[in-house]
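Note that this is a predicted model, so its numbers are computed, not measured. Residue indices begin at 1 and follow the sequence shown.
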Amino acid sequence: MRAAFDALVVLGCVLGGWRLPPARALLLLTGVVVLLPAGLQLPTGFTPLPTATRLTALAVGAGLLRRREPDLFAATPLNLAAGLYAGVTLLTGVLLAPAELPLGISLPSWLDLLDPLLVGLVALAAARAAGPRAALRALGIVGLVAVVAGLFEHVTGAALSRLLVRADGLELRAGATRIRVGSDFALAFAWTVAALIPAVVVLLRRRGPALACGLLGCLGAAYWSFSRSVPIGIAAGLLVLLLGIRDRRVTLAVLLVGVVCSTLVVSSPSLRDRFTASVDQGALDVRAERAPVVLDAVSKRPVAGLGLGGVAQLHIGETDDSYLLGYAETGIPGVIALLVLVVTGLVLCSRGLRGPPSAGRRTAAVGLAGGIVLLLGAAVFDALSVRGTSELLGLLVGCGAAAAEQVAGRPPRARPTRDLAAARVLFVGLAVAGGMVVATVWPSHVAVVVQFDTLSAADQVPSYDKVDDGRRLIATACAVATAGPPTGVRVQCRDSN
């Protein structure tokens, strides 16, 4: 019954993306990315590739092609950067991956990397067809719905994603329920809300009471995810938005809500303590211990990396750092291509801030602010590879770039001149030479990773061991493993959970 219901939902999204006009199709695509569970897919029984987001984005793109308007898919520097990133990651992450990494792991991982590119380019075309007002409306409305859904989860304690996929209940931190809506985990939902706050603020800018209530609701949803890092993203996003739109009413409302929230946090220790390191210190310790393990493993292959999915072969679930993950799995060329891609997207959005106040300028500011928020989030969790947040980044950049075109026009195309060709050849030569130098001087050593459990699988399946007991067992086992290693051998023992 669940499989039939999932199939009905996915096929309904595909049909809607194909048939709806551009404005509603963009709203549908945004809702699928933000609200539906990231793991929702068309149940085929043999492959997980037909995900709801992937199929909906393809359907929206096909619907736009039916309009036979070539300008909707006109190439921009973003297309070039996306193609460069796809090609480099295919080369280093799949074709040059270690022989022991199965193609069945690296190739699907590469296809997952293409989802944000697909969503971003489709959103760019849809926003061109629908206009900046429709793009802003889609982002703002879905942001409000996500906030309401999060508040519902907080009140009821029920995980809405379990209606569509087989998922665990809501996470707990220090006995408090952490909301997540359609995200895989609470931290991803918190940064999703932070990225959509600028859109909600601009959508409600003309309604003073509604703006204050909407902003408070967004902050409440982010707070009840109990994610310590997200206040930095919220502050950065609002700062970029205020500088971008320069709206006195919005500035006053944001400052007023900020003063109220700051007063509550300062006057209430229970609110303030939720964001201290003393709450779930183990999560911070594990994150700090993962980076040396990953860097040790990739030191032997700094140029090509470990291959897409290679970090998982180290028995590390995630790195909690998208830039570290990109370097580890696709090497130096891959992380450079990633930076080129995201910088190109932000530069295209920033072009829209040059014009007079307009819907295009406001939407471009929303795309720029939300993109910067998620790029900050990528430093504290795998925002650029986690389903949901990565596609949302593509949506924001695509909508912001399309809005910027309404303000500043299409970015000029580079003409192939002799000087430009010489510059490209020189750049490629220097890049190759620099890569060879790095590969030559980069330190390397032999590393062997062995995973062990302190409890048998039968003991762990019914219920996980208590955190304190598990850490004591692991500490005891590590003390035995590291006692008296041979000369020239360094043994490190860490909790990979």
Side-chain angles (χ1 to χ4, degrees), residues 9-34 36 42 49-87 111 114-142 341 344-345 348-349 351-352 355 358-364 366-367 391-416:
V9 171
V10 174
L11 293 177
C13 292
V14 172
L15 181 61
W18 167 258
R19 299 290 300 175
L20 290 174
R24 295 184 179 180
L26 182 58
L27 176 62
L28 172 66
L29 179 60
T30 308
V32 169
V33 168
V34 175
L36 293 188
L42 186 66
L49 293 180
T51 63
T53 300
R54 189 174 295 165
L55 294 178
T56 304
L58 290 173
V60 173
L64 293 172
L65 287 173
R66 286 194 306 124
R67 298 170 62 90
R68 296 182 179 179
E69 299 180 21
D71 287 346
L72 295 183
F73 291 92
T76 68
L78 187 61
N79 299 73
L80 179 61
L84 174 66
Y85 179 66
L111 294 176
L114 299 186
D115 283 345
L117 309 183
L118 171 65
V119 171
L121 296 178
V122 170
L124 174 63
R128 283 171 172 171
R133 292 183 185 275
L136 176 62
R137 193 177 301 116
L139 294 170
I141 290 175
V142 171
L341 175 63
T344 301
L348 291 179
C349 291
R351 296 176 67 249
S358 63
R361 177 174 172 173
R362 289 188 290 269
T363 306
V366 166
E391 290 90 351
L392 178 59
L393 177 60
L395 264 172
L396 289 165
V397 171
C399 292
E405 293 178 354
Q406 298 287 330
V407 177
R410 297 279 174 87
R413 296 182 180 179
R415 295 181 179 179

**Request:** Not counting sequence neighbours, which residues clear side chain to side chain contact (heavy atoms under 4.5 Å, CB included) with L117? List them please.
**Result:** A82, Y85, A86, L114, L341
**Item:** Residue pairs passing the side chain to side chain donor-acceptor pair (under 3.5 Å) test where at least one lies in residues 58-70, sequence neighbours excluded
**Value:** R67-E69
**Request:** For T344, enumerate each residue passing the side-chain hydrogen bond (donor to acceptor under 3.5 Å, both in side chains) test, keeping only those at least two apart in sequence or located in another chain.
**Result:** none
**Prompt:** Can you list the residues that meet the side-chain hydrogen bond (donor to acceptor under 3.5 Å, both in side chains) rule with R137, with sequence neighbours excluded?
**Reply:** none
**Side-chain (R361) to main-chain (V407) donor-acceptor, under 3.5 angstrom** = no
**Message:** To the nearest 0.5 Å, what is the distance between CG on L42 and OG1 on T51?
**Reply:** 10.0 Å
**Fill in**
Minimal heavy-atom distance between V10 and A52, with the atoms involved, is CG2-CB, 4.1 Å
**Item:** Side-chain touch L121/F73, heavy atoms, less than 4.5 angstrom
**Value:** no
**Request:** Determine which pairs satisfy side chain to side chain donor-acceptor pair (under 3.5 Å) with at least one residue from residues 393-406, sequence neighbours left out, and list them in order.
**Result:** R128-E405, E405-R410
**Message:** With rounding to the nearest 0.5 angstrom, report the SG to CG distance, C13 to L36.
**Reply:** 5.5 Å
**L136 side chain near V366 side chain, heavy-atom distance below 4.5 Å** = yes
**Item:** Heavy-atom pair of closest approach, residues N79 and A74
**Value:** OD1-O, 4.1 Å
**Request:** Please name the pair of heavy atoms, one in G345 and one in V397, separated by the smallest distance, quoted to 0.1 Å.
**Result:** CA-CG1, 3.6 Å
**Request:** Please answer whether the main-chain N or O of G400 pairs with a side-chain N or O of T363 as donor and acceptor at a distance below 3.5 Å.
**Result:** no
Show every donor-acceptor pair shorter than 3.5 Å between a side-chain atom in residues 18-30 and any protein atom, with sequence neighbours excluded, or say none if there are none.
from, atom 1, to, atom 2, distance (Å)
T30, OG1, L26, O, 2.8

**Item:** Verdict with reasoning, L58 to L118, per side-chain contact (heavy atoms from CB on, under 4.5 Å)
**Value:** CA-CA 8 Å; L58 290 173; L118 171 65; 3.9 Å; yes
**Request:** Search all heavy atoms of R54 against all heavy atoms of L49 and return the closest pair with its distance.
**Result:** NH1-O, 2.8 Å
**Asked** Shortest non-hydrogen contact from A127 to C399?
**Response** CB-CA, 4.1 Å
**Request:** Please report the closest heavy-atom contact between A404 and G352, naming both atoms and the distance.
**Result:** CB-N, 3.4 Å
